[in-house]
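Structure, as C-alpha cells:
Per chain, numbering begins at 1; letters A, B, ... match sequence-line order.
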Amino acid sequence: MKKVLEFLGLVMLGLVLGVGIVYVKAEFFDKPAVEVEAPAQQGADTVDAGYTLALVADVSDQFVVDVAGQQEFRAPVKVHNFSGHDATFTLLVYLDYRQLSTATQQFTVKNGEELLLPVAFSLQDLQASAHDLVLSLIADSNQLTSERKEATDFFGTSARYTLVTKSGVDFPAVATPAPSESTWDAKGFRGVFMDQSVQDFETFHVPPKQIVAKRGEMLEFTIRAGGDPEVEQYLVWSTIGWNQVRWEDGEPYWYAQVPRGQFAVRKLRVRAPEQAGDYEVASFITEAPFQIPDPTQVTRLNVNTSFRFTLHVE
Amino acid sequence: MKNITKIATVVAVATLAVATSAGAAQTVSKEKNGVTLTGSIVVVNGGAQPSAYATSTTSQAVGNIVASLHTYYGDGRINFGANDANSNSTYVQTETKTLDSTAGHFGGYHQFTDKNGGFVATTTNVYF
C-alpha cells in the first residue's frame, strides 16, 4: 500500500512538473501567442481585417456578365467592411485594364456594415467581344503609409469580371506579351512586388514607408512580377495617388511573358507629380489577363497587390 | 522504490505531460459573409523559432479558396513561400514555416472567391 501511494505521489509530482513547464513556457516564452487573443493591445496593424467586394449582377460561373445590346454598364457594387474600424475607401474601375477615372469613387463604410455603390460607364465605344472589368477596392485610401506603423500589402480587395458585349464572343487578338529578359526562380513568391531595389532581386524586404522626391523628378521603381507555377502571362499596372500611370512605352500596363514558376523584373520610370504633397504608390497584378478565367483555376480570378507606400513630393 | 526509479518516474510523467501539451495550436480570426469564412494562423510552436501555418475555412463549399502565409523576419526580409489554393472546397492549408528568431511575425492572407459571395479577402497576423 505504501509503495502504491509513493508511486502515485511520484506520478503527481511528474504531472505538476510537466504542466508547470508548459505553463511557464506559454506564459513567459510564448507570450505573443497569448497576445493574439487580445489584438486590441497590438495596435491597428495587427488587428485581423477583411473586406468583401461583389458585383450585384447576373454573373455566370466563369464570372462573365452579358451586356449585349446595352449602351451603358450600370450595376451596384456591394462593399462589406469588416476590418475592425470605420474606413474610407476608394473604388477604382478598370476596363480592359485601363482606369476609368470618371468612375472612381471615394466613400466611407462603418465597421461591420455593407454599402451598395452604383457603378456606371459607357459601353458605346467597345467592340463586340469580351472585355475585362476590374473593380479595385482600396481600404483606408485617405491614409498615408508614412503615418502607419509599417508598410502593408493588404489594403482591400479586387474583383475581376468579364463583360461580353455580344453573346458567344471571346477576347479579340491583343498585343503579344513582352518576353522577359531576366527571370529568377520564384521560390514561393507569387504576385507583384514594388520597391526601389537595384540588385539582389531574389531577396524581398518590406519597402520603406515613404520615399521623397522633387516635383517632376524622374522616379525609378523596380517591379518584380510572376511566380505562379502554372501561369506564363501576367498583367501589371501601377498607381500614384490611386491614378494609373503609364510605362515608358506609353502603355498603362506591363503585359509580361514569364516562364512558369519564375518572376521577371522591369523598371518603371515615371515622373513625380508636379504638385507638392503626399501620394500613395502601389502596383497590381492579374494572371492570364486576356482570357475568360476558368473558375477552377483559382488564382487566375484574383488581383493581387504590392506593398503600398507614400511618395512625398517636395 | 530506489531513488533512480523515483527520478525516472517523475521525469517520464513530466515528459509525457509536456509532450501532450506542446501540440496545442492557436487560431485567430473568423468572419461571416453569408457562409462563415475563417482565416487563421495556427501557431504550432511558439518557442525561440516560432512555426506556423495558415488555413482558410468555410462552412460550405465556395468557388475558390486561397491561403498564403508570409513570414516576416526581424531584419525586414520576407518569405512568401507558403501558398495553397482550392476550388469548390471548404478548406485549404499552407505548409508550415518557421521564423529564425522571435523578432518577426507571420501574416496570413485568405481569399474567398465565389460568384454569389463575391471577392472576400481577410488577413491575420501573429507577432512575436
Side-chain angles (χ1 to χ4, degrees), chain A residues 3 6-7 10-11 13-19 21-22 25-26 29-37 39 42 45-55 59-61 63 78 80 82 153-154 156-160 186-191 203-206 227 295-299 301-302, chain B residues 1 6 9-18 21-22 24 26 28-29 31-33 37 39 41 43 46-48 50 63-66 68 70 72 75-83 85-88 102 105 107 109-111 113 115-128:
Chain A
K3 285 191 175 180
E6 187 179 17
F7 177 73
L10 291 171
V11 167
L13 180 60
L15 276 174
V16 168
L17 264 175
V19 171
I21 289 169
V22 171
K25 179 175 175 289
F29 295 96
D30 295 348
K31 194 68 175 176
V34 176
E35 289 175 354
V36 167
E37 302 295 337
Q42 296 282 320
D45 287 335
T46 64
V47 174
D48 308 325
Y51 310 97
T52 297
L53 181 64
L55 195 59
V59 178
S60 78
D61 289 341
F63 292 77
K78 183 173 71 175
H80 182 198
F82 50 103
D153 56 359
F154 185 86
T157 185
S158 297
R160 177 176 157 186
K187 296 177 182 173
F189 166 70
R190 185 182 298 185
T203 305
F204 297 85
H205 284 85
V206 177
T296 63
Q297 299 291 334
V298 178
T299 56
L301 288 165
N302 298 326
Chain B
M1 193 177 287
K6 292 177 183 176
T9 303
V10 171
V11 169
V13 174
T15 303
L16 183 63
V18 171
S21 304
Q26 304 262 354
V28 294
S29 183
E31 299 295 343
K32 289 184 178 179
N33 181 49
L37 311 175
I41 291 181
V43 179
N64 303 302
I65 307 175
V66 176
S68 301
H70 296 183
Y72 300 87
D75 62 1
R77 283 178 300 123
I78 313 166
N79 184 322
F80 294 102
N83 307 290
N86 232 329
S87 60
N88 195 28
T102 54
H105 80 275
Y109 298 85
H110 320 276
Q111 182 88 36
T113 308
K115 71 164 188 168
N116 298 316
F119 293 73
V120 186
T122 71
T123 184
T124 54
N125 286 277
V126 178
Y127 283 71
F128 290 89

Proximity breakdown for A/Phe189 and chain B, heavy-atom pairs closer than 4.5 Å =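 Both parts, backbone and side chain.
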What's the spacing between [X] [atom1] and [Y] [atom2] if we round to 0.5 Å?
X: A/Lys187; Y: B/Asn79; atom1: NZ; atom2: CG; result: 10.5 Å
X: A/Thr203; Y: B/Arg77; atom1: OG1; atom2: CZ; result: 8.0 Å
X: A/Asp153; Y: B/Phe80; atom1: CG; atom2: CZ; result: 6.0 Å
X: A/Phe154; Y: B/Asn125; atom1: CZ; atom2: CG; result: 9.5 Å

Against chain A, work out which of B/Gly76, B/Ser68, B/Gly81 has the most heavy-atom pairs shorter than 4.5 Å and name it.
->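 Looking at each option in turn, the highest pair count goes to B/Gly76.
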Determine the option with the most heavy-atom pairs under 4.5 angstrom with chain B, choosing from A/Ala186, A/Gly191, A/Ala159, A/Ala54.
->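 Of the candidates given, the most pairs with chain B belong to A/Ala159.
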Heavy-atom distance under 4.5 Å to chain A: side chain of B/His70, backbone, both or neither?
->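 Answer is side chain: those atoms of B/His70 sit under 4.5 Å from chain A.
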All side-chain hydrogen bond (donor to acceptor under 3.5 Å, both in side chains) counterparts of A/Ser60, not counting sequence neighbours |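 Residues passing side-chain hydrogen bond (donor to acceptor under 3.5 Å, both in side chains) with A/Ser60: none at all.
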Heavy-atom pair of closest approach, residues B/Phe119 and A/Leu301 =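 Looking at all heavy atoms of both residues, the closest pair is CE2-O, 3.4 Å.
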Heavy atoms only: give me the nearest B/Asp75-A/His205 pair and the separation to one decimal.
->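 For B/Asp75 versus A/His205, the nearest heavy atoms are O-CD2, 3.8 Å.
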Between A/Thr157 and B/Gln111, is any pair of side-chain heavy atoms under 4.5 Å apart?
->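 Yes. Closest side-chain heavy atoms under 4.5 Å.
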Taking only residues two or more places apart in sequence, or in another chain, which ones meet A/Ser158 in a side chain to side chain contact (heavy atoms under 4.5 Å, CB included)?
->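 Scan of A/Ser158 (side chain to side chain contact (heavy atoms under 4.5 Å, CB included), adjacent residues dropped) gives A/Ser136, A/Val303.
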